[in-house]
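First up is the structure itself, then whatever we jot down about it.
Quick caveat: nothing in here was measured; it's all calculated off a predicted structure.
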Amino acid sequence: MTVGNGGGRRRQLPSLSQLRAFAAVAEHLHFRDAAAAIGMSQPALSGAVSALEETLGVTLVERTTRKVLLSPAGERLAVRSKAVLDEVGALLEEAEALQAPFTGVLRLGVIPTVAPYLLPTVLRLVHDRCPDLDLQVHEEQTANLLEGLAGGRLDLLLLAVPLGMPGVTELPLFDEDFVLVTPLDHRLGGREGIPREALRELNLLLLDEGHCLRDQALDICREAGREDAPVTTTAAGLSTLVQLVAGGLGCTLLPRTALKVETSRSNQLLTGSFADPAPTRRIALAMRAGAARGAEYQELAAALREEMRALPVRVLGPDA
């Protein structure tokens with residue numbers, strides 16, 4: 001291999017074989033022993049050292065009839081040669097480790113309306129089945145997550161879909177129903193088979209702008225025939241939203257996976273279920289199309305589907 005030196009002249013680079021031969025000679029100070037140590041014939045080893053000397057333009061070894069001595073240049077460059085070979089060895093070890101599935105770092109982005117309710121399942125799965133995986137979790141809103149995925153800051157996302165984002169592949173996990181959460185004295189509290197049309201008249205509390213769950217709730221209201229957007233009171237998170245409902249300020253929609261966690265904090269709440277087909281959301285993993293670890297992410301999605309069968313959701317197939 002040759003490389004330019006900035007002045008137009010091409011300079012030959014030493015090969016790893018040459019460096020390996022010289023490093024062995026520097027360690028053993030004996031051609032026969034050095035050749036045996038690296039599995040090379042003695043003539044080949046001697047030729048490699050001579051070729052390295054020619055490439056570098058310095059004498060590395062002083063050959064006598066009895067023993068091998070390193071020249072002053074050889075003493076200095078032996079240290080450099082060993083350092084280069086050590087780094088190459090580390091590179092190969094790292095590449096080999098990366099070939100093993102579920103090792104190294106995985107930067108997972110999760111939306112706030114999913115993280116508290118699904119992360120326990122995700123973390124348990126990783127702990128039990130992928131102990132060598134360094135999972136790093138980032139909780140952010142959808143727009144930031146997609147930006148991080150596109151820019152390489154994040155590797156995989158767990159969020160609501162569809163995204164309609166070019167260059168992103170969605171790996172569906174499950175569908176879940178929305179549930180109506182009301183104060184104790186509300187006429188729809190605890191009812192089953194609530195028609196969607198009931199949403200037209202409700203004082204519905206929403207999350208702040210930027211949360212995909214807010215957009216989903218507004219879409220459900222529009223599908224029910226509601227033209228105005230209920231925005232009198234908003235909250236930054238579902239926990240606050242539910243407490244506002246418990247205080248009698250209105251009603252809200254919760255995904256079923258959040259219901260147990262969020263409603264257990266107050267005895268001033270009732271829940272109602274919608275008539276079929278109930279409003280739903282779909283949760284999926286999302287990765288860059290053609291991601292190098294795509295097969296690994298597919299396998300992780302399959303494992304998550306199995307784990308999530310214990311949740312109040314409808315688990316999907318990979319082609320849903």
Quiz item: What distance separates Arg293 CZ from Met287 CE, expressed to the nearest 0.5 Å?
Solution: 12.0 Å
Quiz item: Given Thr113, which of His211, Arg281, Gln141 fulfils the side-chain hydrogen bond (donor to acceptor under 3.5 Å, both in side chains) condition?
Solution: Arg281
Quiz item: Can Arg153 and Glu140 be counted as an ion pair, charged N to O under 4.0 angstrom?
Solution: yes
Quiz item: Can you check whether Asp175 reaches Val313 side chain to side chain, under 4.5 Å on heavy atoms?
Solution: no
Quiz item: Under 3.5 Å, is there a donor-acceptor pair between the side chain of Thr240 and the main chain of Ala236?
Solution: no
Quiz item: Would Leu108 end up clustered with Met165 when hydrophobic side chains under 4.5 Å apart are linked, directly or stepwise?
Solution: yes
Practice problem: Evaluate side-chain hydrogen bond (donor to acceptor under 3.5 Å, both in side chains) for Thr234 paired with Arg214, printing each intermediate quantity in order. | Solution: CA-CA 9 Å; Thr234 62; Arg214 172 194 173 92; 5.5 Å; no
Quiz item: Considering the options Val49, Val84, Leu77, which one meets the side-chain contact (heavy atoms from CB on, under 4.5 Å) requirement together with Leu19?
Solution: Val84
Quiz item: Does Phe274 reach the side chain of Asp177, with side-chain heavy atoms less than 4.5 Å apart?
Solution: no
Practice problem: Determine, using the 4.5 Å side-chain heavy-atom cutoff (strictly less than), whether Val261 and Val114 are members of one ILVMFWY cluster. | Solution: no
Practice problem: Over all heavy atoms of both residues, which pair between Ala217 and Leu206 is shortest? Give the atoms and the distance, please. | Solution: CB-CD2, 3.7 Å
Exercise. Check whether any side-chain heavy atom of Tyr297 sits under 4.5 Å from a side-chain heavy atom of Leu285, and report yes or no.
Key: no
Exercise. Treating Ile, Leu, Val, Met, Phe, Trp and Tyr as nodes and any side-chain heavy-atom pair under 4.5 angstrom as an edge, say whether Leu199 and Leu188 lie in one connected cluster.
Key: yes
Self-check item: Within one Ile-Leu-Val-Met-Phe-Trp-Tyr cluster: Leu249 and Leu270, side-chain cutoff 4.5 Å
Solution: no
Quiz item: What is the distance from atom CD of Glu192 to atom OG1 of Thr271, rounded to the nearest 0.5 Å?
Solution: 9.0 Å
Practice problem: Identify the heavy atoms of His28 and Ala34 that sit nearest to each other, and give their distance. | Solution: CD2-CA, 3.8 Å
Quiz item: Are Thr280 and Phe174 close enough that some pair of their side-chain heavy atoms sits under 4.5 Å apart?
Solution: no
Quiz item: When you look at Gln216 and Cys212, which way does the side-chain contact (heavy atoms from CB on, under 4.5 Å) test go after all the steps?
Solution: CA-CA 6 Å; Gln216 291 159 0; Cys212 62; 4.1 Å; yes
Exercise. Please confirm whether the backbone N or O of Ala246 pairs with a side-chain atom of Ser266, one donor and one acceptor, at under 3.5 Å?
Key: no
Quiz item: What closest approach, in Å, do Ala21 and Ile38 show between heavy atoms, and which atom pair accounts for it?
Solution: CA-CD1, 3.9 Å
Exercise. Evaluate the criterion side-chain contact (heavy atoms from CB on, under 4.5 Å) for residue pair Leu254 and Tyr117; output intermediate values, then yes/no.
Key: CA-CA 12 Å; Leu254 280 189; Tyr117 321 114; over 6 Å; no
Quiz item: Given side chains that start at C-beta, do those of Ile283 and Leu159 come closer than 4.5 Å, heavy atoms only?
Solution: no
Please set out all donor-acceptor pairs under 3.5 angstrom arising from side-chain atoms of residues 118-134, sequence neighbours excluded.
unit_1, atom_1, unit_2, atom_2, d
Arg129, NH2, Glu307, OE2, 3.1
Asp134, OD2, Gln136, NE2, 3.4

Quiz item: With side chains defined as the heavy atoms from C-beta onward, is the minimum distance between Ser71 and Val61 less than 4.5 Å?
Solution: no
Self-check item: salt_bridge(Arg314, Glu176) N-O dist < 4.0 Å
Solution: no
Exercise. Supply the atom-to-atom distance Leu184 CG to Asn267 CG, rounded to the nearest 0.5 angstrom.
Key: 7.0 Å
Quiz item: In Å and rounded to the nearest 0.5 Å, what is the OG1 to CG distance from Thr142 to Leu157?
Solution: 8.5 Å
Self-check item: Residue pair Val58 / Glu53, side-chain heavy-atom distance below 4.5 Å
Solution: no
Practice problem: State the CG-OG distance between Leu259 and Ser273, to the nearest 0.5 angstrom. | Solution: 10.5 Å
Quiz item: Around atom CZ of Arg76, are there more than 12 heavy atoms of other residues, nucleotides or ligands at under 6.0 Å?
Solution: no
Quiz item: Judged by atom type as modelled, is there a donor-acceptor pair below 3.5 Å linking the side chain of Arg226 to the main-chain atoms of Ala198?
Solution: no
Quiz item: For Thr169 and Arg288, what are the C-alpha separation, side-chain angles and deciding distance, and is it a side-chain hydrogen bond (donor to acceptor under 3.5 Å, both in side chains)?
Solution: CA-CA 6 Å; Thr169 298; Arg288 287 182 294 276; over 6 Å; no
Exercise. Answer with yes or no whether the hydrophobic clustering places Ile111 together with Leu146; edges join I, L, V, M, F, W, Y residues whose side-chain heavy atoms lie under 4.5 Å apart.
Key: yes
Quiz item: Any sub-3.5 Å donor-acceptor pair from Ser264's side-chain atoms to Lys260's backbone N or O?
Solution: yes
Quiz item: More than 12 foreign heavy atoms under 6.0 Å from CD of Glu147: is that the case here?
Solution: no
Practice problem: Check Leu16 against Val88 and note the closest heavy-atom contact, atom names and distance. | Solution: CD2-CG2, 3.9 Å
Practice problem: Evaluate the criterion side-chain contact (heavy atoms from CB on, under 4.5 Å) for residue pair Phe102 and Glu299; output intermediate values, then yes/no. | Solution: CA-CA 10 Å; Phe102 305 110; Glu299 188 175 344; 3.6 Å; yes
Quiz item: Heavy-atom distance under 4.5 Å between the side chains of Val242 and Leu244, does that happen here?
Solution: no
Exercise. Determine yes or no for a side-chain-to-main-chain donor-acceptor pair under 3.5 angstrom, with His30 supplying the side chain and Arg32 the backbone.
Key: yes
Practice problem: Would you give the length of the straight line joining atom CG of Leu173 to atom CZ of Arg305, rounded to the nearest 0.5 angstrom? | Solution: 6.0 Å
Quiz prompt | From CA spacing to verdict: side-chain contact (heavy atoms from CB on, under 4.5 Å), Leu241, Leu207 | solution = CA-CA 7 Å; Leu241 204 60; Leu207 290 174; 4.1 Å; yes
Quiz item: Counting distance only, does the side-chain N/O of Arg200 pair as donor-acceptor with the main-chain N or O of Ala224 below 3.5 Å?
Solution: yes
Exercise. Provide the closest heavy-atom pair for Pro277 versus Arg196 in the form atom of the first, atom of the second, distance.
Key: O-NH2, 2.9 Å
